[in-house]
Amino acid sequence: MNKKKIAIIMGTRPEAIKMAPVVYALKQKSNYIDSIVIATAQHRQMLDQVLSLFKIVPDIDLDLMRPNQNLNDLTCRVLQLMHKTLTDVKPDMLMVQGDTTTVFAASVAAFYLKIPVAHVEAGLRSHELYNPFPEEANRRLTSVLTQIHLAPTPLAKEKLINEGTKEENIFVTGNTVVDAMSALLKAPFSFSESSIKNLPLNQYRVILVTSHRRESLGEDLKNTCLALKEIIKRFPDVMVVYPVHLNPNVRKTVMEILSDVERVALIEPVDYLCFLYLMQKAHIIVTDSGGVQEEAPTLKKPLLVLRKLTERPEAFNAGLSKIIGTSTNKIVAEISLLLTDEKAYQAMIGNNPFGDGKAAERIAELITRWVRNETPLLSSENEFKG
Ligand code: UD1
Ligand code: UDP
């Protein structure tokens with residue numbers, strides 16, 4: 001039988017982390033599938049960190065990141081270069097993951113060329129257009145252009161159905177981030193050879209922080225940094241480790257407020273293996289990241305989310321995270337509670353609701369069935385149940 005060409009797109013760090021297991025799983029189906037990895041490189045250094053860790057060499061690299069890029073220019077570059085690339089490569093299907101501008105614009109490019117789109121991590125919704133910005137809109141727009149919706153959880157499927165998406169096109173796979181983590185956590189980690197080897201992680205209770213979202217830039221991010229400074233003042237046995245995102249608008253605020261504060265380690269973004277190690281060493285994780293919200297429960301770490309709402313409520317619904325917003329007082333109060341109240345701390349530890357480590361396997365099987373014209377693509381008994 002004729003093989004089908006499946007193009008896998010990745011632009012940013014989280015897309016690469018979450019698509020890496022899919023790339024490997026599709027390689028196992030090479031009797032049916034020729035997979036082609038296309039990096040838009042919306043991120044350069046942070047994408048390369050992931051690609052090199054997972055030993056993925058893109059077949060095509062559009063290298064389109066610009067310093068401090070704006071959303072409209074970025075969207076235009078993705079659209080133009082993806083039009084040319086898809087016209088040259090002629091894939092039978094495009095796979096995208098998540099909610100970035102790469103995902104949205106690549107899906108538009110594929111749609112205009114009548115190439116079907118499969119969307120990994122479909123159906124997450126905050127129901128507020130500007131929060132997260134622009135990701136809520138990116139994700140909804142991508143759903144409109146998608147033929148195969150790969151929902152990570154039953155809740156994500158429900159949200160798609162509520163919007164009128166046909167149920168027969170939605171498949172609950174689990175989140176591929178759990179697969180990526182499980183693969184890396186199996187291998188031993190060499191701390192002494194890592195970029196974080198000089199951090200005194202065993203001497204303090206570690207608060208691991210990441211914050212980079214566009215809607216938090218400016219005042220909200222400033223509030224977060226001031227809260228961390230206050231925590232350091234109040235708790236001498238605590239250190240903050242904060243890998244600072246390369247977005248210059250994030251770095252300016254964070255560096256201004258925290259660069260000279262004792263026991264605050266502002267470090268460059270670390271590779272995923274180091275970040276997993278840092279999460280394991282952390283006492284508490286404080287973040288506005290999407291991916292980190294899905295990872296912290298797997299590592300059984302209490303999670304404080306620096307957002308007003310989340311499109312990933314599964315951890316919150318299970319009591320494993322708190323959505324604490326970005327007021328300085330609230331952040332100080334919630335971190336202090338976890339540092340002083342063992343019962344409150346233990347109450348936030350439980351089982352990960354986001355995946356079971358088999359998402360990529362389900363996706364590869366389902367795409368293979370699509371290639372072979374078999375239905376259903378994934379039977380309901382094989383779906384991830386949450
Ligand atoms: C993007 C995604 C966001 C995702 C985040 C993951 C959009 C609109 N936003 O946000 O959903 O959570 O990636 O981290 O798609 N930069 C570098 N090197 C890098 C990466 C970024 O220098 O490797 C700098 C550049 O100056 C770049 C800027 O950061 O212009 C912003 O990058 P961009 O991809 O536009 O937005 P993010 O804030 O990273
Ligand atoms: N991450 C990483 N190194 C870091 C910080 C985060 O590898 O220094 C990983 C993290 O484990 C998660 C992903 O990057 O898997 C999240 O990326 P980010 O927060 O940039 O994007 P989001 O998930 O919010 O879209």
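Counting starts at 1 for both ligands and their atoms, following the listed order. A quick note: this is a predicted structure, and the numbers were derived from the prediction, not measured.
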> Looking at residues at least two apart in the chain, or sitting in another chain, which of them share a salt bridge (charged side-chain N to carboxylate O under 4.0 Å, His left out) with K330?
Replying inline: E334
> Just heavy atoms, cut-off under 4.0 Å: does E135 contact ligand 2 by side chain, backbone, both, or neither?
Replying inline: neither
> Do S143 and R125 have side-chain atoms, one donor and one acceptor, less than 3.5 Å apart?
Replying inline: yes
>> Does either side chain, that of T287 or that of T210, offer a donor lying less than 3.5 Å from an acceptor on the other one?
In response: yes
Could you tabulate the donor-acceptor pairs under 3.5 Å formed by side-chain atoms of residues 16-28, not counting sequence neighbours?
{"from": "K18", "atom 1": "NZ", "to": "E121", "atom 2": "OE2", "distance (Å)": "2.6"}
{"from": "K18", "atom 1": "NZ", "to": "E294", "atom 2": "OE1", "distance (Å)": "2.8"}
{"from": "Y24", "atom 1": "OH", "to": "F54", "atom 2": "O", "distance (Å)": "2.4"}

> Under 6.0 Å from the six-membered ring centre of Y32 and within 45° of its axis: does the NZ or CZ of R372 meet both?
Replying inline: yes
>> For atom 8 (O) of ligand 2, what is the closest protein heavy atom, and at what distance to 0.1 Å?
In response: V270 N, 2.9 Å
> Taking atom CG of N351 as the centre, does the number of heavy atoms from other residues, nucleotides or ligands within less than 6.0 Å exceed 12?
Replying inline: no
>> Any nitrogen or oxygen of V292 lying under 3.5 Å from a nitrogen or oxygen in ligand 2? Just yes or no.
In response: no
> For atom 7 (O) of ligand 2, which protein heavy atom lies nearest, and how many Å away is it?
Replying inline: Y272 CA, 3.4 Å
>> Looking only at side-chain N and O atoms, does Q45 offer a donor or acceptor that is under 3.5 Å from a partner on Q49?
In response: no
> Would T40 and T102 count as having a side-chain donor-acceptor pair, cut-off 3.5 Å?
Replying inline: yes
>> When you measure from the side chain of R205 to the backbone of L339, do you find a donor-acceptor pair of N or O atoms at a distance under 3.5 Å?
In response: yes
> Which of these, I323, I335, D288, sits in a side chain to side chain contact (heavy atoms under 4.5 Å, CB included) with L304?
Replying inline: I335
> Are S379 and N382 linked by a side-chain donor-acceptor pair shorter than 3.5 Å?
Replying inline: yes
>> Are any of the N/O atoms on Q69, whether in the backbone or the side chain, positioned under 3.5 angstrom from an N/O atom of ligand 1?
In response: yes
> Should the proximity of P14 to ligand 1, defined as any heavy atom under 4.0 Å, be assigned to the side chain, the backbone, both, or neither?
Replying inline: side chain
> Can you tell me the protein heavy atom closest to atom 14 (O) of ligand 2 and the distance?
Replying inline: R13 NE, 3.2 Å
> Of all the atoms in ligand 2, which lie at a distance below 4.0 Å from a heavy atom belonging to G291?
Replying inline: 22 (P), 23 (O)
> Please state which protein non-hydrogen atom is closest to atom 24 (C) of ligand 1 and give its distance, to 0.1 Å?
Replying inline: L246 O, 3.5 Å
> Which ligand 1 atoms does P134 reach within 4.0 Å, using its non-hydrogen atoms?
Replying inline: 8 (C)
>> Looking at E311 and K159, is any side-chain nitrogen of the basic one under 4.0 Å from a carboxylate oxygen of the acidic one?
In response: no
> Which ligand 2 atoms, with their elements, are less than 4.0 angstrom from a heavy-atom of E295?
Replying inline: 10 (C), 11 (O), 12 (C), 15 (O)
> Which of the numbered atoms in ligand 1 are below 4.0 angstrom from a heavy atom of L71?
Replying inline: 8 (C)
> In Å, rounded to the nearest 0.5 Å, how long is the span from NZ of K385 to CD of E383?
Replying inline: 6.0 Å
> What atoms of ligand 1 come within less than 4.0 Å of a heavy atom belonging to H245?
Replying inline: 14 (O), 37 (P), 38 (O), 39 (O)
>> Looking at ligand 2, is there an atom of it that comes within less than 4.0 Å of some heavy atom belonging to E268?
In response: no
> Of the listed options (R139, R66, H43, R213), which comes nearest to atom 39 (O) of ligand 1 when hydrogens are ignored and any heavy atom counts?
Replying inline: H43
>> Between N249 and N247, is there a side-chain donor-acceptor contact under 3.5 Å, judged purely by atom types and distance?
In response: yes
>> If we set the cut-off at 4.0 Å for heavy atoms, which region of R44 has an atom near ligand 1: side chain, backbone, both, or neither?
In response: backbone
> Between the main-chain N or O of T12 and the side-chain N or O of Q42, is there a donor-acceptor pair closer than 3.5 Å?
Replying inline: no
> Looking only at protein heavy atoms, which one is nearest to atom 29 (O) of ligand 1, and how far off is it?
Replying inline: N247 CA, 3.2 Å
>> Out of all atoms in ligand 2, which are within 4.0 Å of some heavy atom of P243? Include the element for each.
In response: 8 (O)
> Which residue owns the protein heavy atom closest to atom 9 (N) of ligand 1, what's the atom, and how far is it?
Replying inline: E135 OE2, 3.4 Å
> Does I17, backbone or side chain, put an N or O under 3.5 Å from an N or O of ligand 2?
Replying inline: no
> So which heavy atom in the protein is nearest atom 34 (O) of ligand 1, and how far is it from that ligand atom?
Replying inline: Q42 NE2, 2.9 Å
> Side chain or backbone of P132 under 4.0 Å from ligand 1, or both, or neither, by non-hydrogen atoms?
Replying inline: neither
>> Looking only at distances, can you tell me whether any N or O atom of H212, backbone or side chain, sits closer than 3.5 Å to an N or O atom of ligand 1?
In response: yes
> Given that the side chain starts at C-beta and the backbone is N, CA, C, O, which of these parts of T102 lies under 4.0 Å from ligand 1, counting heavy atoms, or is it both or neither?
Replying inline: neither
>> Using only atom types and a distance under 3.5 Å, with no angle test, would you say the side chain of R263 pairs donor to acceptor with the backbone of F235?
In response: yes
> For ligand 1, which atoms, with element, lie under 4.0 Å from some heavy atom of T101?
Replying inline: 7 (C), 8 (C), 15 (O)
>> Quiz question: by atom type and distance under 3.5 Å, do the side chains of N131 and S126 form a donor-acceptor pair?
In response: no
> In terms of residue, atom name and distance, what is the protein heavy atom nearest to atom 22 (O) of ligand 1?
Replying inline: M65 CE, 3.5 Å
>> Taking atom NZ as the centre, does K229 end up with more than 12 heavy-atom neighbours from other residues, nucleotides or ligands that are less than 6.0 angstrom away?
In response: no
> Among protein heavy atoms, which lies nearest atom 16 (C) of ligand 2, and at what distance?
Replying inline: S289 OG, 3.6 Å
> Is there at least one pair of N or O atoms, one from N138 and one from ligand 1, spaced under 3.5 Å apart?
Replying inline: no
>> Pairs of nitrogen or oxygen atoms closer than 3.5 Å, one from D99 and one from ligand 2: do any exist?
In response: no
>> Does only the side chain of T12 get under 4.0 Å from ligand 1, or the backbone, or both, or neither? Count heavy atoms.
In response: side chain
> Charged N to carboxylate O under 4.0 angstrom, R140 versus E136?
Replying inline: yes
> Got the closest protein heavy atom to atom 10 (O) of ligand 1, with its distance?
Replying inline: R214 NH1, 4.0 Å
> Which residue and non-hydrogen atom of the protein lie closest to atom 18 (N) of ligand 1, and at what distance in Å?
Replying inline: Q45 OE1, 2.7 Å
> If you measure every N/O of M46 against every N/O of ligand 1, is any gap under 3.5 Å?
Replying inline: yes
>> Pairing donors with acceptors under 3.5 angstrom, does anything connect the side chains of K3 and N31?
In response: no
> Where is the nearest protein heavy atom to atom 21 (O) of ligand 2: which residue, which atom, and how far?
Replying inline: P14 CG, 3.4 Å
> Can you list the atoms of ligand 2 that are under 4.0 Å from a heavy atom of G290?
Replying inline: 22 (P), 23 (O), 24 (O)
>> With heavy-atom distances below 4.0 Å as the criterion, list the atoms of ligand 1 near N68.
In response: 25 (C), 26 (O), 27 (C), 30 (O)
